[in-house]
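Working notes, structure below.
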Amino acid sequence: MKKKLVSLDEALGPIQSGSTVAIGGSLLRRQPNAAIRALIRLGIKDLTVQTWASTTAVDMLAAAGAIRRYEGIYAGMFGFGLAPNFRRAVQNGEIEVRDFSETAMVARLRAAGQGLPSLPIKTLFGSDIALRNPEQFREYNCPISGEKLLAVQAAYADFTIIHGYVGDEFGNVQWPIVRDSDDVDMMMGAASKRLIVTVEKIVSHDEIKRRPALTYIPGHLVEAIVEVPYGAHPVSTDGFYDEDEAHLERYLQESKTPEGIRAYLDAFAREPASHEDYIAKVGGRAALAALNVKQGADA
Amino acid sequence: MKKKLVSLDEALGPIQSGSTVAIGGSLLRRQPNAAIRALIRLGIKDLTVQTWASTTAVDMLAAAGAIRRYEGIYAGMFGFGLAPNFRRAVQNGEIEVRDFSETAMVARLRAAGQGLPSLPIKTLFGSDIALRNPEQFREYNCPISGEKLLAVQAAYADFTIIHGYVGDEFGNVQWPIVRDSDDVDMMMGAASKRLIVTVEKIVSHDEIKRRPALTYIPGHLVEAIVEVPYGAHPVSTDGFYDEDEAHLERYLQESKTPEGIRAYLDAFAREPASHEDYIAKVGGRAALAALNVKQGADA
Amino acid sequence: MTAELDYTVNELVTALVASEIRDGDLAFVGVGTNGRAFTLAVGIPLVALRLAQMTHAPAASVYWGNLLEPDLSSIPDHLRQDSFTNWHAAASPADVGYKCDMLMRRQFDVSFDSGAQVDAYGNLNITALGDYTKPKVRLVGCLAQPEHFAFVPRPIIMTDLSQRTFVEKVDFVTSVGHARDGRTREDWGLGPGGPSIVVTDKAILDFNSPDRRMRIRSIHSGFTLDDVLGAMSFRPVVPDEIPQTPAPNAEQLRLIREKIDPRRVLLKV
Amino acid sequence: MTAELDYTVNELVTALVASEIRDGDLAFVGVGTNGRAFTLAVGIPLVALRLAQMTHAPAASVYWGNLLEPDLSSIPDHLRQDSFTNWHAAASPADVGYKCDMLMRRQFDVSFDSGAQVDAYGNLNITALGDYTKPKVRLVGCLAQPEHFAFVPRPIIMTDLSQRTFVEKVDFVTSVGHARDGRTREDWGLGPGGPSIVVTDKAILDFNSPDRRMRIRSIHSGFTLDDVLGAMSFRPVVPDEIPQTPAPNAEQLRLIREKIDPRRVLLKV
């Protein structure tokens with residue numbers, strides 16, 4: 001096994017403007033926000049992003065003008081409404097949008113995970129999701145049954161960024177036994193070419209290898225792993241801490257104007273030189289500890 | 001939730017001769033042997049069986065003359081050599097064989113689990129596995145990339161039989177945290193139409209619902225669940241008991257002649273009226289307890 | 001809502017939705033949104049399912065988030081992350097692919113869907129208002145809603161009546177209903193399905209008309225046909241006789257108020 | 001094996017295989033069989049990988065059963081089920097589909113494969129001898145061996161030389177090597193791959209010939225060219241100069257004997 005434990009900036013170093021980046025997490029859970037803020041600080045632009053149900057990650061990147069094209073199943077703020085900056089950018093024609101329904105996005109990720117150019121679904125016949133995207137959806141007839149199927153293009157990304165629970169220095173990432181599984185991080189990891197994982201905590205390999213069935217991202221697939229406590233803030237990491245509702249409200253408040261969100265990103269993404277600086281900026285570890293949840297016996 | 005806890009004979013009652021039956025387990029692990037012996041006792045014949053790496057289950061059915069057609073990735077006796085009765089039947093032309101490589105069988109199960117008629121692989125170009133089976137393998141060009149792909153037919157079965165670890169009366173089946181995952185039982189369950197599960201132990205629903213992430217067969221998919229301790233004997237259930245090497249040696253010894261295996265099946269499958277009778281026949285619970293392994297703290 | 005009625009419209013439609021649930025049904029309920037949208041998409045469906053479980057459909061169950069059969073006898077009070085994380089359930093598969101597969105192979109019986117636009121043939125739009133490439137309003141995308149309409153036998157649309165929402169033709173067809181551009185869903189290549197009923201704050205509508213155009217099924221007590229038609233941009237099929245939406249009975253109201261949602265968390269707004 | 005040599009053929013080929021392993025390699029090792037077949041398919045590969053880890057390739061690892069990167073510093077002594085169940089490893093994915101996907105997307109570097117028949121162009125047969133539909137000998141099927149030859153850059157065939165095994169043309173092509181029926185693997189539609197070397201008890205062979213016909217790469221000390229050719233039913237490419245298979249060094253022998261397999265569990269027969 002190779003040691004893959006590096007700093008956040010080292011991990012993100014290879015990502016260039018113009019790349020295609022798959023971003024893990026779902027809704028207000030495990031968005032890799034520390035990494036996203038670092039990308040904004042580093043000035044990365046012109047990204048094609050592939051996501052599941054994205055909230056803060058896509059919205060902050062959109063606010064920073066860093067997204068050229070979006071591909072995903074959802075971009076919003078969950079219980080907090082629509083994604084204000086993503087919405088503004090799309091309405092201004094600044095982001096090219098490719099929508100995918102859940103079975104379509106799952107097929108795309110599985111195809112990439114299997115080294116295939118496409119996989120079929122039976123879902124989107126007659127939907128504008130497919131009709132408006134003939135490049136990535138094509139009808140064909142099953143070679144065996146003759147049934148009409150819809151091929152959807154594999155989701156190959158140059159880089160994949162996932163925020164996980166705990167991992168070891170070799171990049172093996174494990175989930176707790178009691179968790180919220182409403183995401184596709186495992187298949188996004190399996191579909192990756194260059195996989196960067198941030199985790200709440202680095203643990204020993206000895207701890208990992210006693211329960212190999214909990215490893216959902218094998219280190220073999222990982223290019224870099226980074227310890228980033230509260231790395232999903234202001235959203236949650238299930239089993240570790242809840243979403244920071246006050247901060248999210250503030251984010252939405254600042255997002256009402258382009259000037260407001262610019263100032264927000266300056267303060268929280270561009271000026272802090274590191275994630276530690278960010279944590280200090282949002283009140284320090286002590287303040288964030290108020291968001292902590294009781295870890296299950298199994299966590 | 002519906003209560004689905006029944007006896008083994010009730011669970012297997014709907015299976016008629018001529019059915020297609022998918023059989024779970026892999027190698028010397030979780031073959032649903034108690035159910036297989038019951039099918040032999042009930043005189044079910046003319047089956048099409050779909051398996052992963054099958055040992056005792058397919059070999060006993062073959063010995064009983066119950067298999068018309070076999071579809072799987074492996075039929076043998078693992079460390080004990082070739083499958084003697086399956087081999088004899090195939091060499092006599094009594095069983096039609098359709099071989100599938102691992103990616104092909106996985107694609108077949110996933111297709112059935114997704115309600116699709118086929119899924120593509122890139123594996124078997126030029127292999128007799130595909131060339132000798134034009135009914136279930138067809139080449140086509142990816143509608144998006146143009147790349148050559150091989151569609152493999154979905155594995156739809158009338159019935160699916162899986163031996164699991166523990167479950168509740170509603171059919172939710174969980175695995176222990178430390179286990180041997182070298183099988184496809186989860187996807188075989190997901191691909192099923194009528195799913196019969198035998199488990200080592202019935203536990204309370206309260207116990208199940210505290211750790212929903214350990215449920216690999218949701219009760220919603222299950223038609224019948226049966227408590228069958230040592231239900232995989234003479235092979236193992238990982239985390240519960242090891243394979244019974246002495247019994248397997250005896251099985252192979254008896255399998256040297258058609259007469260020998262007929263007498264074996266009479267004694268161990270046809271004459272015992274129930275799984276309890278079988279357990280008594282092989283020495284009773286006390287004797288089988290010698291095969292038990294230490295259950296992990298997480299089991 | 002007039003003063004003499006002893007139940008709210010939320011209670012009325014909750015009881016109505018409960019009556020649509022059959023024993024053994026597996027229902028798909030979404031997780032998101034807030035305010036009134038939350039009540040429609042999550043609150044009413046969860047209360048209705050629990051009500052059905054407690055009355056005529058004990059084996060009905062729900063897939064919520066990625067929780068299969070969460071324990072509806074203990075619906076969390078505040079839906080922060082940790083409430084989801086620790087909600088007891090029968091299963092929580094490794095990822096959402098499992099749920100997607102269950103959808104494609106038609107394992108669900110009922111789903112609940114809201115939209116910014118619904119049209120006369122049950123097409124739904126949750127993607128964009130105006131031109132797709134440079135929309136007037138960019139919405140959330142599509143989630144699994146196209147799957148619901150493609151594979152679930154009885155999707156239930158939950159949307160308050162308004163001229164802005166109920167339009168002859170949606171700007172963007174996220175989810176295909178019963179017909180689009182003169183072609184039926186079968187013409188497009190879809191199997192059986194499409195929305196079964198439309199639950200609104202003034203009436204229940206369905207698609208039981210010869211060409212599957214939306215039809216008024218019943219009107220809630222306190223509202224007139226004109227109230228309903230005035231809140232729609234297209235004219236639905238109007239039968240000669242329109243019954244009143246059945247009122248919830250005392251037992252249903254007692255269960256909703258005392259057992260299922262005593263703190264009005266789910267039927268808040 | 002002549003008496004003056006101070007190492008066994010198993011040790012010789014184990015060291016040779018170890019030298020084929022590069023740092024960072026992920027190797028696919030099978031789990032099954034017994035006796036000599038076990039030594040070839042499992043024993044030698046595991047010892048060789050551990051030897052490579054301890055010498056030049058510390059980051060080499062193995063996928064064994066459904067265990068990704070099991071701890072090769074503690075290979076179980078007796079391979080009953082519970083030894084597998086509790087073997088520490090980096091990962092044990094929910095099912096074997098994960099490994100299949102890794103194969104298709106070419107995540108492996110090396111694999112180990114044995115067969116009842118190997119032919120001159122590296123096609124392997126583990127399915128049936130004689131006619132497929134009514135075979136003389138029914139074998140095990142195919143497992144993931146076609147995947148190894150399709151997607152792994154450097155599969156290593158592990159088979160003792162014999163005229164019965166090394167045939168001009170296999171009865172049934174389970175796994176496609178470098179060419180079949182005059183068509184290359186690329187003609188058939190496969191990407192790069194196919195067996196890299198053939199490790200036998202008398203010689204090492206490869207496919208480094210113009211038309212990719214099997215070629216003798218080296219002969220083990222103590223054996224002659226005639227010994228090798230006499231144990232094959234077809235004539236491989238015979239270079240003008242054939243080197244001797246490099247002998248294991250003292251450190252390799254010490255590690256194999258004292259550290260990796262002191263009780264001769266893996267290199268038993």
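Fair warning: this is a prediction, and the values are worked out from it, not measured in the lab. So that the names make sense, note that chain A is the first sequence line, chain B the second, and so on, each numbered from 1.
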Options [options], ranked by heavy-atom pairs under 4.5 Å with chain A, top entry:
options	value
K134(C), K99(C), R185(C)	K134(C)
G191(C), P135(C), A150(C)	P135(C)
Y98(C), F84(C), F172(C), F149(C)	F172(C)
T133(C), D187(C), T174(C)	T174(C)
S83(C), G141(C), C142(C)	C142(C)
V31(C), D181(C), L139(C)	V31(C)

Determine the option with the most heavy-atom pairs under 4.5 angstrom with chain C, choosing from [options].
options	answer
R87(A), E102(A), R179(A)	E102(A)
L27(A), L150(A), L109(A), I129(A)	I129(A)
S101(A), G81(A), S26(A)	S101(A)
D183(A), T103(A), T237(A), D238(A)	T103(A)
M105(A), M77(A), R110(A), M187(A)	R110(A)
S236(A), G76(A), G126(A), S181(A)	S181(A)

[X] and [Y]: side-chain donor and acceptor closer than 3.5 Å?
X	Y	result
T48(A)	R68(A)	yes
R250(A)	Q253(A)	no
Q31(A)	S54(A)	yes
R98(A)	Q136(A)	yes
S111(C)	D113(C)	yes
T165(C)	Q117(C)	no
S255(A)	N85(A)	yes
Y251(A)	D59(A)	yes

Check each atom of [X] against the heavy atoms of chain A and say whether the ones under 4.5 Å are side chain, backbone, both or neither.
X	value
K136(C)	backbone
D101(C)	side chain
D131(C)	side chain
V140(C)	both
F38(C)	neither
T127(C)	side chain
R180(C)	side chain

Which atoms of [X] are under 4.5 Å from chain C, going by heavy atoms: the side chain, the backbone, both sets, or neither?
X	answer
K148(A)	side chain
R88(A)	neither
A130(A)	neither
E147(A)	neither
Y70(A)	side chain
I121(A)	both
R132(A)	side chain
N92(A)	backbone

Charged N to carboxylate O below 4.0 Å: is that the case for [X] and [Y]?
X	Y	result
D119(C)	K169(C)	no
R29(A)	D185(A)	no
R30(A)	E200(A)	no

Please work out whether the ring planes of F207(C) and H178(C) are parallel, tilted or perpendicular, with thresholds of 30° and 60°.
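If you compare the ring of F207(C) with that of H178(C), the planes turn out tilted.
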Distance (rounded to the nearest 0.5 Å) between Q153(A) CD and E135(A) CD
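With rounding to 0.5 Å, CD (Q153(A)) is 6.0 Å from CD (E135(A)).
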Test applied, side chain to side chain contact (heavy atoms under 4.5 Å, CB included); reference residue, H233(A); option that passes from T56(A), L288(A), N33(A):
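The residue from T56(A), L288(A), N33(A) that satisfies side chain to side chain contact (heavy atoms under 4.5 Å, CB included) with H233(A) turns out to be L288(A).
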So which atom in V29(C) and which in V42(C) form the shortest heavy-atom distance, rounded to 0.1 Å?
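Taking V29(C) first and V42(C) second, the nearest heavy atoms are CG1-CA, 4.2 Å.
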Would you please indicate yes or no on a ring centroid separation below 6.0 angstrom for F137(A) and F100(A)?
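Yes: the rings meet the under 6.0 Å criterion.
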